Protein chains: 2
Amino acid sequence: MENDLIYFITKHFVERMTHFKTLEYIKNSYSSRICQLTEEKKAGKKIVGTLCLFVPDEIIFAADADRVILCGGKNDTISIAEQYLPRNICPLVKSSFGSVVNNGRSGVKSCSHFGLVDIVVAENTCDSKKKMYELLGDYVPTYVLDLPQKPDSLAAVKYFLEELNKFKGVMEQLTGNKVTVEQLKKEIISSNETRKLLHRLYDLRKTDSPPISGVDVIKVMQKQYVLSAEDFKKALRSLIDEAEKIKADFKTDFTRKPRIMISGCPMPGGNTKVPEIIENRGGIIVVEESCTGTRSFWDLVDESKDPMTALAERYIKIPCSCMTPNDRRIDNILELAREFKVDGVVNYTLQFCHGYNIERYKVQQALRNAGIPVLSIETDYSDSDVEQIGLRVDAFMEMLS
Amino acid sequence: MENDLIYFITKHFVERMTHFKTLEYIKNSYSSRICQLTEEKKAGKKIVGTLCLFVPDEIIFAADADRVILCGGKNDTISIAEQYLPRNICPLVKSSFGSVVNNGRSGVKSCSHFGLVDIVVAENTCDSKKKMYELLGDYVPTYVLDLPQKPDSLAAVKYFLEELNKFKGVMEQLTGNKVTVEQLKKEIISSNETRKLLHRLYDLRKTDSPPISGVDVIKVMQKQYVLSAEDFKKALRSLIDEAEKIKADFKTDFTRKPRIMISGCPMPGGNTKVPEIIENRGGIIVVEESCTGTRSFWDLVDESKDPMTALAERYIKIPCSCMTPNDRRIDNILELAREFKVDGVVNYTLQFCHGYNIERYKVQQALRNAGIPVLSIETDYSDSDVEQIGLRVDAFMEMLS
């Protein structure tokens, strides 16, 4: 017993030490990224801001532009946004809009990425984003990709392909660079490498004793579209090496924590409220069915096909709740629950996100039919419900233990 | 002065008497419509339920099916819906879903149109409807038309045309009838006749002394997709005759009421809360920029073109807030304000309708730039805010007087 305890403490200490380097680098990479973007901009490179997985990085990179995500996860810019947007829409949309507006205000000193973008490439996913983009156009050039909402027809893929081709044209015009088939193929291979690395990282979490916490993985995933593609890939390799080393050194399963899947809305940088509550209250998050999780990397782009067609086919299948029917997401949740040996699912939604909130019914139904307990949490970015959520999570953990 | 008063009273008395016949017929036509639908169904006719202007009647009628609208405007089925749907979505979606679910429940005796439909033909407009339709499929066969959200490209019209062609196939399969070009052309001409009649009715409201109240017109418009196309057209002709007669008999402008445009969300049958408040507090509604108003009939279908193309081109241009950018709606509001000599606009939105609620900013901006006062009201189907809205409307009327 005593030995176990010493072993446990040592293990955690060593884990922390080993983790430290790459995790801390990723978590603290924001300011160096700002410098990088500023330098790139000075050298004439164009910076594209995105807010969604449906905008293919590959096309941006093939035009030799850089990309940074604009999704807001912080509460502090929401009040600014509420001068323009209704209060009863989702915090992600308000926070993102507030960040851009705040940055554009005269007299406001800001050292963030929001002021660095040359163009926002947006997409028609949910009502709130779609309509918010119309207002965003007053502050920064905004191009909107249309998205068919019924992804399962050939006509839908064709329409999306046309939209991607137009977007390619916009990138060519912005950068003055021709997007070639070769360049696209190269970028697809490179992005697929990142996707495969993320699969490797997530594979480690399928084991009985995951070498990394869910909150840490989410913080890594939050940087996926902040860091440059190359820096993210490099950091990921190093992180996986460290995690694999921990796994090899410490084979024993010390923890018997309930294995949790968090499923639902995105969790952009600044927003780890619910994951933190879950892991502080005794759970271990082993997988995120989320844009800040599996949805971003689960499917690869087919490298053998015409690149634009392959991109259209892969991206349109992202199981966002904006799609209908969205059985692909339900199937994926059940598949993840099996693969990651999940004890319970926290269905996490942002307040007023109609898509994920209505889809909750089908998610709960499917999980209950599969005998997997589910706790649904709808929240915003404020701290006012932390205790209340904590109590519900406590009860859920007790049920799972 | 005394003569004026006698004249005023007589006019109103005669108006009421004259109106009585057609208006009362339309308002009370629901039960006879139920009988009609029941008889049709017995005779083998198929009944299609719709919830949106984007589903072209012409295709349904060309397949010799009948159509009835399922949009709910009543509060009483909302609590049933909230067993399946989140509370914080729009009342229209909850009310509609609740009506269908309620009707399908065993033991519930119902004499409504919700149980009569063979198929619901739905459409991807807003998030809440889109996701609600997935649940509706458990209660009634539901077919969903996809809708591009950027209506201004050729590719979008082409995609929508493909969707309409698929929908035509669904109607042919449902009814066993081939939808011919001739039949479609006939139905387009017929629907255009109704649209022209509605233009005539609305033209009468452009005059200094509109012969019909806004609430009455809204109640007529609420029956547009409840009644059979022929019955509605017949009633409309008779109503216009009566209204024209009133105009001819009573040329003097007695009223100096503020002329109001109500602009925004649909007002399905059962929901006239805000229009009633406006007219009870001294305003006269002269035009509704709404699905229960101009959006349903403003543009005709081009009779000279291939009918399916003409339908795609006309319907995709309906300026619903689900479209982006939606300058067509803003332009239309300004045009209507001029044509109907509007003193003020009530921007009417349903609670949690993100589309119209976010678009409010642009609407207000455009109206203010045009020097037209605007009052924004966001509400649901309950009566709890009647007094509060009343006070705000009072202040608005005072400002306009």
Side-chain angles (χ1 to χ4, degrees), chain A residues 83-90 93 97 122-135 137-138 144-156 158-163 165-166 321-327 349 351-362 365 376 378, chain B residues 83-90 93 97 122-135 137-138 144-156 158-163 165-166 321-327 349 351-362 365 376 378:
Chain A
Q83 295 171 26
Y84 307 84
L85 297 167
R87 294 187 66 185
N88 55 3
I89 64 168
C90 106
V93 172
F97 183 77
E123 73 322 301
N124 287 336
T125 43
C126 65
D127 294 340
S128 299
K129 279 170 112 190
K130 182 168 64 184
K131 301 310 283 184
M132 176 271 276
Y133 294 145
E134 294 176 9
L135 305 189
D138 290 345
V144 181
L145 258 174
D146 201 11
L147 207 61
Q149 322 272 305
K150 264 172 69 181
D152 296 326
S153 78
L154 273 177
K158 220 170 103 191
Y159 179 55
F160 188 49
L161 175 58
E162 289 197 49
E163 282 294 297
N165 277 323
K166 277 185 220 164
S321 74
C322 73
M323 294 297 174
T324 188
N326 200 20
D327 298 336
T349 53
Q351 210 179 11
F352 309 122
C353 170
H354 295 340
Y356 283 100
N357 279 329
I358 300 179
E359 199 157 277
R360 176 168 61 210
Y361 186 83
K362 288 220 163 196
Q365 204 175 34
S376 289
E378 182 180 341
Chain B
Q83 295 170 27
Y84 307 83
L85 297 168
R87 293 188 65 184
N88 55 2
I89 64 167
C90 107
V93 172
F97 183 76
E123 73 322 303
N124 287 337
T125 42
C126 65
D127 294 340
S128 298
K129 280 170 111 189
K130 181 168 63 185
K131 301 311 282 184
M132 176 270 277
Y133 294 145
E134 294 176 7
L135 306 189
D138 290 344
V144 181
L145 258 174
D146 200 11
L147 207 60
Q149 322 272 305
K150 264 172 71 182
D152 296 326
S153 78
L154 273 177
K158 221 170 102 192
Y159 178 55
F160 188 49
L161 176 57
E162 289 197 50
E163 282 294 297
N165 276 324
K166 277 185 218 162
S321 75
C322 73
M323 294 298 174
T324 188
N326 200 20
D327 298 336
T349 53
Q351 211 179 11
F352 309 121
C353 170
H354 296 340
Y356 283 100
N357 279 329
I358 300 179
E359 199 157 277
R360 176 168 61 212
Y361 186 83
K362 288 221 162 195
Q365 204 175 34
S376 288
E378 182 180 342

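Here is the naming used below: chain letters follow the sequence lines, and residue numbers restart at 1 for every chain. Fair warning: this is a prediction, and the values are worked out from it, not measured in the lab.
The environment of Lys166(B) atom NZ is dense: over 12 non-hydrogen atoms of other residues, nucleotides or ligands sit within 6.0 angstrom.
Considering all non-hydrogen atoms of both residues, Gln351(B) and Asn88(A) come closest at CG-ND2, 4.4 Å. Closest of all the heavy-atom pairs between Lys131(A) and Asn326(B) is NZ-CB, 3.9 Å. For the pair Ile358(B) and Met132(A), the tightest heavy-atom approach, listed with the atom from each and the gap, is CG2-N, 4.1 Å. Glu134(B) approaches Lys362(A) most closely through the heavy-atom pair O-NZ, 3.5 Å.
Counting only heavy atoms from C-beta outward, the side chains of Asp127(A) and Cys322(B) never approach each other to under 4.5 Å. Side-chain contact check for Thr324(A) versus Tyr133(B): every heavy-atom pair is 4.5 Å or farther apart. Taking 4.5 Å as the limit, every side-chain heavy atom of Gln149(A) sits out of range of all side-chain heavy atoms of Leu147(B). Proximity of Val93(A) to His354(B): side-chain heavy atoms (C-beta onward) are nowhere separated by under 4.5 Å.
Taking the side-chain hydrogen bond (donor to acceptor under 3.5 Å, both in side chains) definition, one finds that Asp327(B) meets it with nothing, sequence neighbours left out. Residues meeting the ring pair (Phe, Tyr, Trp, His ring centres under 6.0 Å) test with Phe352(A), sequence neighbours left out: Phe352(B).
Rounded to the nearest 0.5 Å, atoms CD (Gln365(A)) and CG (Leu135(B)) are 8.0 Å apart.
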> Could you walk me through whether Glu162(B) and Ser153(A) pass the side chain to side chain contact (heavy atoms under 4.5 Å, CB included) check?
Replying inline: CA-CA 11 Å; Glu162(B) 289 197 50; Ser153(A) 78; over 6 Å; no
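Proximity to chain B is limited to the side chain of Asn124(A), based on heavy atoms less than 4.5 angstrom apart. Using a 4.5 Å cut-off between heavy atoms, Ile89(A) touches chain B through backbone and side chain atoms alike.
Between chain B and the options Cys353(A), Cys90(A), Gly137(A), Cys126(A), the largest number of non-hydrogen pairs under 4.5 Å is found for Cys126(A).
Side-chain atoms of Asp146(B) come within 3.5 Å of backbone atoms of Lys150(A) as a donor-acceptor pair (strictly under, hydrogens ignored).
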